[in-house]
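Report on the following structure.
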Amino acid sequence: MRAPHERLILVPALILALLTLAGCFPFLPSQGGGQTAFEGPRTVDPSDVALPAGYAIEVVATGLTFPTGVAFDAEGRVHVLEAGYSYGEVVTTPRLLRLEDDGAATVVASGENPPWNGVAYADGAFYVAGGTLVGGEILRIEPGGTVTTLIDDLPSLGDHHTNGPAIGPDGWLYFGQGTATNSGVVGIDNAGFGWLLRYPDFHDVPCEDVTLVGRNFRSADPLSEDAGEVVTGAFVPFGTPTEAGQVIRGTLPCTGAVMRIRTDGSGLELVAWGLRNPFGLAFSPTDELFVTDNQYDLRGSRPVFGSADLLWRVTPGGWYGWPDFHADRPLTDADFFRPPGEPAPGFVLQVHPGVPPAPVARLGVHSSSNGLDFSASEVFGHVGEAFIAQFGDLAPVAGKVLGPVGFKVIRVDPATGVMRDFAVNRAPERGPASRLGTRGLERPVAVRFDPDGSALYVVDFGVVTVGDAPEPRPETGVLWRIVRRDQP
Amino acid sequence: MTTSRSRPRPAGFGRLAVRMTALTALTAALALVAACAPAFRGPPPLEALVGTDAQVVLGERVFAAACHGCHPNALAGLGPGIIDSRRPNWLIRLQVRTGLGAMPAFSTAELDDVELDAVLAYLDALRER
């Protein structure tokens, strides 16, 4: 006979053993940076932002609504892009603003197809990439305000949009086109994004022919009145099953790719594919194309666990793994990618165009590593390093995190893949200012050096809290500028 | 827990065993609760580790490629923070090699012993900064 107290010990010991094997992860609450309350207006204080010794940050503009880009005209005047749309399905007006010396903002141009996700300036004109409401487009905007559409109807109706652009050393305009879905399969998560209800037939389009395994996924059907279920495969519309051996024709334009056009809009070409959401594009001082790529989320019919955002050095013609690899590791590696308590994502492609290369750097999982630029000036320092704006996690919508990820500017040495914080909130904990109760950074989305390379401008999208869905706050965007005080 | 029935023991041993088990369980539970409470408080690490040796430099590179994604700067992210408490190195080694819970396991093919030792040296350097 066992003594009663002996049995009492057995229960906690058993629970403990189970916990040790199962780990704590499933039992801990999500602690995303956006999981906080916010009462406007937003106030800012540069002294709440920590930088390495010798650098200083200042505020250039406040009160912006969903800013996503910064560029400089031939005279070096600062221009800011406002997206006109944010996740959370808030639509405003996309605008290109010129910041005047007296602090006023002049509207250079505005549009009707947000979000305007990025802007570059070259040879007398601004180039803007964006659009999701009626498809993606690249616009040319004269300093006088004349807008010309260079290319439109890009497959940008889904989760991720038309991004960039960057003008290459060859004079071509390079842009990113994000994927329609998380991992190739349209599901109820896409109704949450809003677009599935607008465009129920939209789906991902490969750049070259692909052959499917015929893996299909069962999900609820938000498009029908009765609470029925539907079956959906990869690269097909919601509710469409696929078969083993089925070939999906590749086309141009396609999703999950970097493409390029001439600055007159002609000559669309594929640069690289198998990317997921290539948001930031920049050429290094040695004229190589680098791309930040937001990787898989833990959502939808084919959720993927633990995939770090990537920094790629893009080789023309390359395939970078989506929707079956995370960098050089196949998603069938269950130990890495299986969401706790769910099966591993099986391959959806029968044959892969190759094995993706190793990335330059593996950034924080869910960090939303977005705009990037390279230092090319000894005055600023860190020449040849990539500075990357990390928008920060959208947990728990994109997946659970145990601590806020991102909400800062980092620098990466492309030779080693080592990442270091460069501008980050000064507080005992990490996260956006709204969560920390400070007046520092919220969500850096783009960075760009000014024409002489001596100042780094940081576009801070503003406050986005996350409940059941993202809740973006208009008029909380800020433009910051970082300079070196102890100039050599 | 069948030994009490099969083997005769001197009186009083049972109670001692229970007390020992309770103590072990309590220690383990405390360690686990600490593990389950990822809360690092401290200034952001902005500078490179100064005066660092070759092993720490290697450790930083290996950590960047293998661990940073889920434990950014060895703090909480997708996974828990790993420099907020002084976990013995054998436990970190065990965690990396066996991938307890939601973490993937890293085999020696993935991460050899020299690299894992370097990661541990890097984590030590981070804790001491």
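Within every chain, numbering begins at 1; the chains are lettered A, B, ... in the order of the sequence lines, protein sequences first and strands thereafter. Keep in mind the model is a prediction, meaning the values are calculated, not measured.
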Give, as side chain, backbone, both or neither, the part of [X] having an atom under 4.5 angstrom from any heavy atom of chain B.
X         : answer
Val405(A) : side chain
Pro340(A) : side chain
Ile410(A) : neither
Ala334(A) : neither

- Query: Which is it for Glu110(B) and Arg329(A) under the side chain to side chain contact (heavy atoms under 4.5 Å, CB included) test, yes or no, and what are the steps along the way?
  - Reply: CA-CA 11 Å; Glu110(B) 198 91 51; Arg329(A) 195 186 294 277; 2.7 Å; yes

- Between Pro72(B), Gly77(B), Ala64(B), which has the largest tally of heavy atom pairs under 4.5 Å with chain A? Gly77(B)

- Residue pair Asn73(B), Asp421(A): steps toward the side chain to side chain contact (heavy atoms under 4.5 Å, CB included) verdict: CA-CA 9 Å; Asn73(B) 296 334; Asp421(A) 287 358; 3.2 Å; yes

- Message: Please check this pair: side chain of Asp335(A) against backbone of Pro104(B), looking for a donor-acceptor N/O pair closer than 3.5 Å.
- Response: no

- Gly69(B) versus Ala308(A), closest heavy-atom pair with distance: CA-CB, 4.2 Å

- Point-to-point distance, once rounded to the nearest 0.5 Å, from CZ of Phe336(A) to SG of Cys70(B): 8.5 Å

- Query: Checking side chain to side chain contact (heavy atoms under 4.5 Å, CB included) for the pair Phe305(A)/Leu78(B): CA distance, chi angles, key distance, verdict?
  - Reply: CA-CA 9 Å; Phe305(A) 180 76; Leu78(B) 176 77; 3.7 Å; yes

- Query: Just wondering, do Met419(A) and His68(B) contact through their side chains at under 4.5 Å, heavy atoms?
  - Reply: yes

